[in-house]
Structures are given as C-alpha cells and as structure tokens.
Amino acid sequence: MRIEAIDLYHISQMLVAPFVTSFGPQQQRDAIIVTVYADGLQGWGECVATNDPGYSYETVHTAWHILKDFLIPALLGAELDEPEQIAPRFRFVRGHPLAKASLEQAVWDLAAQRDGLSFAQKLALPYPEGPRQRVKVGVSVGIQPSLAETIDVIAGYLEKGYGRIKLKIKPGYDVQLARAVRAEFPDIPLMLDANSAYTLADTPTLQALDPFDLLMLEQPLGYEDIYDHSRLRPQIASPLCLDESITSLDHARTAVALGACDIFNIKPARVGGWAEARAIHDLAREHGMPVWCGGMLETGVGRAAQLALASLPGFTLPGDISATERYYEVDITPPFVLNAGDSTMDVPTGPGLGVEVDRQQLKRVTLHQEHFQAG
Ligand code: NPQ
Ligand code: MG
C-alpha cells in the first residue's frame, strides 16, 4: 500500500449528558477524525484526545500539531504492507500515543479492507479461535450531583440492559457512594474508577471499599505510578486495575513484575495503537490476567475499532463500550446498539471497520479540516 493522502477533521459533538470525572466535567466532546487514502481505498481513524490535558497530557491541539508536523510527513508516500509497521515508523516521536494511534487505526482499516477481512478478523489472525462475534459491555457513569441521582441513573442503565456498572469516584465521594449503591443493587457487577485521585495516604479509605464486593478498583493512585499500586494491592480486597499508568508494553511488563495489579484496562490510544494493545493482551494472557477494553467517549469510528479489539480471546471482562445513544443523539456513523438480553454488542463483520461514515454529518460537526497529499 502506498499512502497517498490524509485528511484531518477537528470535530465537536454535544454529549447527551455531561460526563464528570475526578478531573472535571465534559459536556462537549471534541475529537480528530483521520482518513488515510491508499491504493484506491480509504481507512478511518479517531484521535480520542480531549480539549483539556486531564486524562492524558495530549489535547486535540497537541495531537493536531504532532500529526501535521511529524507523523503525517513520516507516513505520506510510504510503502507499507502491514499495520504493525506503523509503530516502528513513528518511534522517532516520543510519547503522543493518542496521535499515533489514530493513524494506526486508519491503516488497520485499510489493510483489513485490502485483505477482505474485518478489523476484528485481521487483529485476531494470531489466534486459532478467531475473534468473538459479540462482546460483553458495560457503562461508565460519571459523578452525579447527588447519591439519589446516581441511583436513578444506574437504574436507567440496568433497565436498558447494561450488565456492568462502573462509577467514577473522587475523595469525599467514594465509600458512601459504594454503600448507597450496594444497598440498592446488592448483586450487580459494580466497579469504581478513581482516575488517579488518591495517594497511598488514602489506603484506609480504599480499604473501606472492601465490603462492597467490587469487580475491581481502577487506577486509584498516580497516573504515572506503578510502584505505589504494588504496595496498595496486598492491602485491599478489591481487585486492582490499572488504566492511566500503563502507556506501553514496557509499563505492563513492569506492572506484572511488581505485582502492581490484577487486571489491565486496555485502551489502544493510550498505548499508541492496536498492535501495542494486542501485545499487552498477549502478555496478560501469558500471566493469566484478565483484560477489558476501555473507552474515551468514542464516535462510531472509534467504537467500531474498540469492538474489534474486545473480540480478542483474552478480553474476558466487560468493556467500557456502550451504545451510541449513551453518548450522542446523532453520531457520524449509524448508531451502535446494545443487545439487552446479555449486555453485549455485536462486533462489525464488514470489511475493515465495517461502518459507513455519514459524510453529511461529519461535515456538520467539523470545526476545521486539512488535507495532506504525498509529494
Ligand atoms: C476512563 N473513560 O476509563 C475514561 C476516562 C475519561 C469512559 O470512563 C472527555 C472524554 C473526558 C473522554 C474523562 C471512561 C474524559 C474522557 C475521562 C475519558 O478513565
Ligand atoms: Mg479509567
């Protein structure tokens, strides 16, 4: 494949409800949609960087800069056979995994189309069992204005058929939240995500979550920390999951060696792409650790690729992948829906991502676009 041209679209969509985490509220979801053209085909990718450097240091603007000034020039005109060649080609740029992953996603889409495979089939080539056809999913609930509203919101999602609830917590909004939710819903699969809002000094608070039979506690400590998590883990009963601090296979190996966690949340964007995400999945599998696919409030373009990743055999826990209506009233792809009977979503089966982008809608939500052509 010769990479002939690339388009970037800075888009902005309203969320159906504000998404509040320990680092603040989000009402408007901006993202960058990427199109890569090669051999008469076009591949789509999504950069999940946000407006603020909260979850990651990357923002829509830093990602645009890194894409435009470094990654796109390194890709235009290149001859590539497989998407696994992208990460080595981008190694001259340190960090910026969210920017890198967006182009890698588009190249996976291209290569899968070329091979007449779905993204999931292409990713699952190393595994004799192939990809799953549907994947277990759950919903990630932001911090609500009150406990009563949290209970109502959870009840609404359970009614829609979601079989796993994740709640965001922060200091002062944790133990009483878990107690209230457990009192109302004694049996639901429930997990909490702190997005790095605590330190080891908060160990007593984190221990006070022990009685609530959590599926896991996600990223309680520093976003770059692995060592303190390894010290916390034997002191709490809740299985410990790392998100923010696993930004590469190297970090995942360190976490395994230190015994820092029981579970990985794998987000391809956070680790610089689907090849690295799959390698972390393989490492976890070798060590008998379950993994699940995290979410960044993706558009349908990103959601299709999340579903492909979650179809790999080691993704045994429900992912943060929800129906389109949980995020957007109208999206740039046809809506993804929940199979309410078993809290699953179907993995797209068409060639590549297997979703059609609605170009009219893309145009409507685009703030700024730029075209890059091989010289
Ligand atoms: C997590 N996501 O697992 C993240 C983090 C996150 C679905 O829980 C704007 C857009 C703000 C995406 C804040 C979920 C965000 C964001 C947090 C993602 O930690
Ligand atoms: Mg998280």
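Counting convention: from 1, in listed order, for ligands and their atoms alike.
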>> Closer than 3.5 angstrom, by distance alone: can the side chain of Asp109 be matched with the main-chain N or O of Leu353 as a donor-acceptor pair?
In response: yes
>> So, of the N/O/S atoms that Asp243 has, which is the nearest one to the Mg ion (ligand 2)?
In response: OD2
>> Taking CD in Gln360 as the centre, count heavy atoms belonging to other residues, nucleotides or ligands within less than 6.0 Å. Is the count above 12?
In response: no
>> Residue-level breakdown please: for Gln26 versus ligand 1, do any non-hydrogen atoms fall below 4.0 Å on the side chain, on the backbone, on both, or on neither?
In response: side chain
> Any sub-3.5 Å donor-acceptor pair from Arg2's side-chain atoms to Asp39's backbone N or O?
Replying inline: no
> Touching ligand 1 at all, Gln219? Heavy atoms, strictly under 4.0 Å?
Replying inline: no
> With a cut-off of 4.0 Å, which atoms of ligand 1 are near a heavy atom of Asp243?
Replying inline: 1 (C), 3 (O), 19 (O)
> Taking atom OG of Ser248 and atom CZ of Arg270, what is their separation to the nearest 0.5 Å?
Replying inline: 9.5 Å
> Just which atoms of ligand 1 are under 4.0 Å from any heavy atom in Lys267?
Replying inline: 1 (C), 3 (O), 4 (C), 5 (C), 19 (O)
> Are any of the N/O atoms in Lys168 less than 3.5 Å from those in ligand 1?
Replying inline: yes
>> The test is side chain to side chain donor-acceptor pair (under 3.5 Å); show your working for Tyr223 and Asp243 and say whether it passes.
In response: CA-CA 8 Å; Tyr223 64 90; Asp243 174 358; over 6 Å; no
>> When you measure from the heavy atoms of Gly295 to every atom of ligand 1, does any distance fall below 4.0 Å?
In response: yes
>> I'd like to check whether Arg29 has a polar contact with ligand 1, where a contact means an N/O of the residue lying under 3.5 Å from an N/O of the ligand.
In response: no
> When Thr299 is tested against each of Gln13, Arg29, Glu46 for side-chain hydrogen bond (donor to acceptor under 3.5 Å, both in side chains), which residue passes?
Replying inline: Glu46
> Taking the N/O/S atoms of Asp193 one by one, which is nearest to the Mg ion (ligand 2)?
Replying inline: OD2
> How is the N/O/S atom of Glu218 that comes nearest to the Mg ion (ligand 2) named?
Replying inline: OE2
> Is it true that atom OH of Tyr227 has more than 12 heavy atoms of other residues, nucleotides or ligands lying nearer than 6.0 Å?
Replying inline: no
> Should Tyr55 be counted as touching ligand 1, given the test is an N or O pair under 3.5 Å?
Replying inline: no
>> Show the atoms of ligand 1 that are less than 4.0 angstrom away from any heavy atom in Glu218.
In response: 3 (O)
> Considering only heavy atoms of Thr50, which atoms of ligand 1 have at least one such atom less than 4.0 Å away?
Replying inline: 9 (C), 10 (C), 12 (C)
>> Given 3.5 Å as the limit, does a donor-acceptor pair link the side chain of Ser196 with the main chain of Leu221, or not?
In response: yes
> Between Asp193 (side chain) and Lys168 (backbone), is there a donor-acceptor pair under 3.5 Å?
Replying inline: no
>> Students should be able to answer this: which protein heavy-atom is nearest to atom 3 (O) of ligand 1, and at what distance?
In response: Lys166 NZ, 2.9 Å
> Do any N/O atoms on Asn195 end up under 3.5 angstrom from N/O atoms on ligand 1?
Replying inline: yes
> Quick check: does Asp320 have an N/O/S atom under 2.8 Å of the Mg ion (ligand 2)?
Replying inline: no
> Out of curiosity, Ser12 OG to His368 NE2, how far, rounded to the nearest 0.5 Å?
Replying inline: 14.0 Å
> What protein heavy atom sits nearest atom 8 (O) of ligand 1, and how far away is it?
Replying inline: Ser140 OG, 2.8 Å
> Which ligand 1 atoms, with their elements, are less than 4.0 angstrom from a heavy-atom of Met296?
Replying inline: 12 (C), 18 (C)
> If you count the atoms of ligand 1 from 1 in the order shown, which ones are under 4.0 Å from a heavy atom of Thr21?
Replying inline: 13 (C), 17 (C)
>> Could you check whether any side-chain N or O of Thr35 sits under 3.5 Å from a backbone N or O of Trp44, counting only pairs where one atom can act as donor and the other as acceptor?
In response: no
> Roughly how far, to the nearest 0.5 Å, is the CG atom of Leu15 from the CD atom of Gln28?
Replying inline: 8.0 Å
